[in-house]
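What follows is a short report on a single structure.
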Amino acid sequence: MSTRDLLAEAHSYAAAYLEDVVHRHVGSTVDRKTLIDRLGGPLPEVPSDPHVVLANIVRHVDPGIVASIGPRYFGFVTGGAVPVTVAADWLASTWDQNGAMYVMSPALAVLEDIVAGWVLEMLHLPAAASVGFVTGAHMANFTCLAAARHEVLRRVGWNVEEHGLQRAPRVTIVAGDHAHVSVIGALRMLGFGAHEVVRVPVDDQGRVQLEAFERTIAGMDGPLIVCAQAGNVGSGGSDPIAGMVVAAHQRGGWVHVDGAFGLWAAAVPELAEQVAGIDTADSWTTDAHKWLNVPYDSGLAIVAHPAPHRAAMGLQASYLIRGADEERVGMDWAPESSRRARAIPLYALFRTLGRAGIQGMIRQTVTLARRMARRLTSEPGVHVLNDVVLNQVLVRFDGDSVRTSDHVTVDVIARVQAEGTCWAGGASWFGQQVMRISISNWSTTEEDIDRSVAAILDCFRTALRS
Ligand SMILES: *Cc1c(COP(=O)(O)O)cnc(C)c1O
């Protein structure tokens with residue numbers, strides 16, 4: 001039994017899955033107990049035939065797999081994977097490269113430099129910015145905010161990497177009321193408490209109100225970090241970044257932009273106005289596994305100022321080999337040391353689609369989100385609560401004489417998930433229950449939207465009758 005046979009089997013399982021994914025019930029069809037019964041059991045004591053192991057994994061995980069790579073998964077903000085990126089990701093696993101240092105994989109180090117340059121160019125960010133390849137936006141927020149913490153404290157003569165935070169000058173952190181939880185999570189890991197973050201009111205799209213922001217920071221002095229957002233996880237709306245940067249920089253602050261998906265608006269001319277001024281910020285988070293449609297996990301931490309980025313992340317030890325200055329040390333820019341070759345699928349994506357193809361992919365999802373909103377609201381009793389400016393649609397369903405709108409909306413979401421044509425989650429939007437729909441997949445078509453609308457409206461009508 002050869003490696004080739006095993007890989008051929010994996011190939012055939014994978015191809016069958018991807019061919020069928022369009023037709024699958026989108027959500028999981030089994031409960032947790034069934035999965036444990038089928039997959040669990042005592043710790044294996046002796047070896048097994050790997051072919052049997054692989055076959056059993058495929059058979060037993062299958063009903064618990066969520067077809068999030070398929071065209072009608074609208075949960076959270078979830079990208080699919082452009083086929084060449086899946087193929088390239090297999091090769092990344094095959095080569096099994098470590099991205100920590102140049103000497104461990106010159107090819108990967110060079111690919112990371114190349115992809116970093118292309119990303120900066122597409123997003124119109126400063127060419128000298130440093131880029132770390134991380135697991136996702138949460139870790140990108142962590143990395144960027146660590147660089148911010150370093151720099152604002154360095155400016156007042158405090159080396160936080162050497163002396164820590166406990167006796168450091170106080171750092172003021174400001175974020176919009178709708179800052180993503182992962183920004184708060186990142187701050188927590190950096191030694192800042194969630195309640196220390198000064199929150200700024202937002203408008204009905206979840207965007208920071210600029211005047212309120214300016215008022216908030218007017219009286220502040222000392223080290224200041226501002227967390228802005230491109231692409232609200234509910235509405236898709238973006239903070240007034242240009243104005244926030246001007247005001248924050250006047251006070252010597254550092255502006256970090258969480259643009260897990262929204263940053264890619266900068267790459268598309270007709271959407272770029274929404275994130276005007278982002279190039280003037282100090283650091284940026286974005287995901288590749290959302291709107292760029294590469295496989296999990298893949299995020300980018302981008303910092304305009306490489307020195308604080310490296311100061312916050314870099315490590316030194318006698319056996320860690322730093323080569324010539326131009327030889328990339330991947331671990332200088334990310335919180336991990338050993339790290340998989342995330343640049344390979346990204347490189348394949350940029351080569352295959354090019355700028356035009358990536359713009360087209362983003363544009364298409366925005367057009368489809370508008371179609372989704374239009375078609376849903378042609379039904380009486382269905383409302384879209386946000387301006388559909390990017391790929392996000394927030395839907396609310398009217399109640400009836402017996403049940404509130406909240407109740408019916410939650411009921412419709414549960415029915416849609418169980419029915420399986422598509423999958424959408426829920427959230428609370430300014431205190432109201434909503435269905436969250438995110439169109440982020442390269443393979444979604446108009447027909448997928450129309451089928452999904454029909455299924456959602458059926459669930460709504462059934463919910464009203466029940
Ligand atoms: C999804 C998202 C995150 C978290 O991203 P992960 O990739 O899950 O770590 C952070 N911020 C925003 C705005 C997001 O949409």
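In listed order, ligands and their atoms are each counted from 1.
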- [ ] Establish whether atom 8 (O) of ligand 1 and some protein heavy atom are separated by less than 4.0 angstrom.
- [x] no
[X] neighbourhood, listing ligand 1 atoms whose heavy-atom distance to it stays under 4.0 Å:
| X | value |
| --- | --- |
| Val233 | 15 (O) |
| Ala260 | 2 (C), 3 (C), 10 (C), 11 (N), 12 (C), 13 (C), 14 (C), 15 (O) |
| Phe261 | 15 (O) |
| Asp287 | 5 (O), 6 (P), 7 (O) |
| Gly231 | 13 (C) |

Open item on the list: For Trp423 and Phe76, take the angle between the two ring planes, folded into 0 to 90°, and tell me which bin it lands in: parallel under 30, tilted 30 to 60, perpendicular over 60.
Closed with: parallel
Nearest-neighbour protein heavy atom for [atom], which is reported as residue plus atom name and distance:
| atom | result |
| --- | --- |
| atom 13 (C) of ligand 1 | Asp258 OD2, 3.5 Å |
| atom 14 (C) of ligand 1 | Lys290 NZ, 2.9 Å |
| atom 5 (O) of ligand 1 | Ala137 CB, 3.1 Å |

Side chain proximity check, [X] to [Y], heavy atoms < 4.5 angstrom:
| X | Y | result |
| --- | --- | --- |
| Trp254 | Leu145 | no |
| Thr143 | His309 | yes |
| Leu165 | Phe192 | yes |
| Gln364 | Met361 | no |
| Val408 | Asp398 | no |
| Asp89 | Arg340 | yes |
| Ile344 | Trp95 | yes |

Open item on the list: Quick check against the 3.5 Å criterion: does Arg251 have a side-chain atom that pairs as donor or acceptor with the backbone of Leu224?
Closed with: no
Open item on the list: Regarding ligand 1, does His138 bring an N or O atom to under 3.5 Å of one of the ligand's N or O atoms?
Closed with: yes
Task: Polar proximity ligand 1 side, Gly136 side, N/O cut 3.5 Å exclusive - done: no
TODO: Record the part of His289 in heavy-atom contact with ligand 1 below 4.0 Å; permitted values are side chain, backbone, both and neither.
DONE: side chain
- [ ] Mind checking whether Ser182 contacts ligand 1 via backbone (N, CA, C, O), side chain (CB onward), both or neither, at a 4.0 Å heavy-atom cut-off?
- [x] side chain
